[in-house]
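Since we're looking at a predicted model, the values are computed, not measured. Residue numbers run from 1 in the order of the sequence given.
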Amino acid sequence: MTPCAKPRLLVLAVDGLDWDLLHRLVDAGQMPFVTQLMKAGASGPMRVPAPAGACAQWTTLATGTCADEHGVLNDLWVRPDGIRSSRVGGAQRRRPTFWELAAAQGRTARVVAWPAATGAADGLLGASPEAASRLQIVGEGFERAEHASETCWPLSPDCVEPPDLRALVELVDEARVHPEDLAVSLVQPLVPTARPGEANALLRPARWQLARWSSVHNLGVHWASQGDDALMVLRLDGLPEWLNLLRRHAPEQPADVGLAPWYRYLDLLVGRYMALLGRQAHLMLLSNAGIPAAPIGSGELFRGDGPGGLVLAGPDVPADILLERVSGLDVAPTLAGLLGLVDQPGWPGRDLLARQAGPFDARRQHKALPAAPALRMDDLISPVQRDEACLDWLRSQGCPVAPVEHLERNTLPLRMRRLAAWVSVRRARGDAAGAIAALQVVLREVPQELGARVTLGELLLEAGRFSECDELALGLPPQAHEGLWADVVQALLGFAARDWLRATLHLQRLVAAGAAPLNAPSCLGRVHLRQQQWGEALAWFDQALTWPGDVARVHEGRGLACQGLGRPTEAEQAYSRAIAEQPDDARPHLLRAQARLAGGHLDHAESGCRRALTLDSSVPGGYALLAQITLARAAQPSDPSRDPAQLVSNSDPC
């Protein structure tokens, strides 16, 4: 296969680069190169589907699939022997990445520091040895010198693929920068003023982070100046860890002050690549998530991240375009379109540059590649398969081996975290029953998980299973009886008892605290919905949009409030935003169909209703609404252009 001539493509990914802060610095004129990039191309905020872990998010961006499909749910995984865990790698990934697809179709690709990139399973794409030779990967962690001395810093053989390419190994080894090689004067501008006596607590980690970024940048500059590869993918990490250090050692300063120097340094890196690549190349600046809310307690399901972002410029990209409702699932299809890839998986995302008319082609036709089935709950709770022969050999050598029950106890928390991450994906897909069943397993095994307890309470409330919320107050750990968690539990119990006064009291205390493990304004909106107080409900849902949490449910609540106020157009817009956040959930499709029926738009109402039934044939009220639409249409004057068979057809007209 001879690939068509395409411009070079550089993907510069930054872990934890916040879109809102980036935009504020751009507006202030502090990031001139990123400003040029935005004006020359398309940009917009982006959210990556759950779960919130970095490995899961970056694998979603690379594969174009959700975590229950690509299989990476956590940063760690339990080894088959059940004895220990390790960093997740490509062997645990079940879907191909966009760079693997590019190599299989004749493009040369180089990837640096992307999670779960090295060690991919053989035959994932069925690629030929020639295709493998076009792909060079430098794995995550090659640039970290945390466990090395200044004079001895061996390069792990597992972090370079192909490992037998001596020139690549030597290049990577030479590109790495040790923190001790950086003068303090180079690092000092990146460190804000800390509390007295704690300056060194920030200076040393800043020095190590700058060394990591410089190591990745050295490889990028070398390859960008060569000009012989179609795709380069570089990832810079460390901003989330730096933010945690700022909150610990300089809590009186806003996060923006401590992060801004690193954003400006990133701007210089962007300018360097713009100069090396020129105007005839594509450059994408990418972020998985933004600044997380301050930690409240245990339970990573409630980590409220700000939006990440996407900036894309190049010869095939329209100038000064703001992209709306960008999902992390859109990244891989867009990059595949820029690379001109023909054979693509059946990605759920969209090519952001595809147009029905104008200078861009419509959605590109592709041949779907075979894919492994999605993960099930049974795959995550099945017992660990241990190598008994290996354990017997260890015993024969005099090594102490813990009993089987002890080994399972050690791996249980990690397995439950993976199951909780799977819950967040199922919840985003609208599978409330599956998410509830999985959370009940988590709480049975790890009853002290407050985050899982509150998530289960929210799901039970949404499903109308109020009586089951009482069980959530039984056996609570000591830390749940005071502070924010106590208010959370009491609010859930108020919902369960339909005691709206009690629920409102505790929810308002959570709102006054300014942050909580759940979106308290959204819950207050639901309280007023239950009492049919539509105006108060709408006001609370408007406030809930500024809080971290389930944005789709907030838009859905706004739609219900607008519908109660007799404003079907606004309700339809709110439901459309909920659908944009969770397109696989049947409920907002059905609610939007109801709003369209109230507005007299029968064709659109019928289309939305059939779409909801296609996604979930058991969605409550689906067939009843379809019957209402049919009766409303029958009451209208007959239209000879309409086929009567459409009234009873079960096909989806969308």
Going through the checks in order, is the side chain to side chain contact (heavy atoms under 4.5 Å, CB included) test met by V311 and V270?
-> CA-CA 11 Å; V311 183; V270 171; over 6 Å; no
Kindly compute the distance separating CG (D229) from CG (L9), expressed to the nearest 0.5 Å.
-> 10.0 Å
What's the spacing between S576 OG and R325 CZ if we round to 0.5 Å?
-> 7.5 Å
Which residues share a side-chain contact (heavy atoms from CB on, under 4.5 Å) with A224, sequence neighbours left out | M232, Y273, L276, L277
Listed partners of R577 passing salt bridge (Lys or Arg N to Asp or Glu O under 4.0 Å), at least two apart = none
In short, salt bridge (Lys or Arg N to Asp or Glu O under 4.0 Å) pairs touching residues 258-282 with sequence neighbours left out are none
Does T97 reach the side chain of W114, with side-chain heavy atoms less than 4.5 Å apart?
-> no
Closest non-hydrogen contact found for D20 with P307 is OD2-CD, 3.9 Å
Which heavy atom in L182 sits nearest to a heavy atom in A211, and how many Å separate them?
-> CD1-N, 3.6 Å
Is F142 close to V112 at the side-chain level, that is, under 4.5 Å between some pair of heavy atoms?
-> yes
Min side-chain heavy-atom separation Y265-L210 under 4.5 Å | yes
Taking all atoms of both residues into account, what is the closest heavy-atom pair of W208 and A145, and its distance?
-> CZ3-O, 3.0 Å
W347 and T65: side-chain donor and acceptor closer than 3.5 Å?
-> no
Under the salt bridge (Lys or Arg N to Asp or Glu O under 4.0 Å) test, which residues partner R235, sequence neighbours left out?
-> D15, E140
Within-4.5 Å side-chain heavy-atom neighbours: S287 and D18 = no
Check ring-ring contact (aromatic ring centres under 6.0 Å, His included) between W262 and all other residues, then give those that pass, not counting sequence neighbours.
-> W213, W242
Reported OH-to-CG distance for the pair Y263 and L239, which is rounded to 0.5 angstrom = 6.0 Å
May I ask you to test the T63-E69 pair for a side-chain heavy-atom distance under 4.5 Å?
-> no
Can you name the residues that form a side-chain contact (heavy atoms from CB on, under 4.5 Å) with L329, not counting sequence neighbours?
-> P49, T60, C66, S327, P348
Looking only at heavy atoms, the pair that brings L73 and P51 closest together is O-CG, 4.0 Å
Partner set under side-chain contact (heavy atoms from CB on, under 4.5 Å) for A50, not counting sequence neighbours = S424
Closest contact, heavy atoms only, A67 versus V425 | CB-CG2, 3.8 Å
Under 4.5 Å between any side-chain heavy atoms of L246 and Q253, yes or no?
-> no
Salt-bridge criterion met for R93 and E100 (N-O under 4.0 Å) | yes
Sequence neighbours excluded, which residues qualify as ring-ring contact (aromatic ring centres under 6.0 Å, His included) partners of H222?
-> none
Residues passing the ring-ring contact (aromatic ring centres under 6.0 Å, His included) test with W422, sequence neighbours excluded, are none
Between atom CZ of R8 and atom CZ of R107, what is the distance when rounded to the nearest 0.5 Å?
-> 15.0 Å
Can you list every salt bridge (Lys or Arg N to Asp or Glu O under 4.0 Å) pair that touches residues 24-33, not counting sequence neighbours?
-> R24-D256
Does R350 pair with D330 as a salt bridge, N-O distance under 4.0 Å?
-> yes
Taking side chain as C-beta onward, heavy atoms only, is E180 less than 4.5 Å from R207?
-> yes
What pairs meet the ring pair (Phe, Tyr, Trp, His ring centres under 6.0 Å) rule with one or both residues in residues 36-57, with sequence neighbours excluded?
-> none
Residues two or more places apart in sequence or in another chain: which of them pass salt bridge (Lys or Arg N to Asp or Glu O under 4.0 Å) with R553?
-> E462, E556, D585
Distance in Å, W223 CH2 paired with L10 CG, rounded so as to fall on 0.5 Å steps = 11.5 Å
Compare all side-chain heavy atoms of I291 with those of L259 and state whether any distance is below 4.5 angstrom.
-> yes
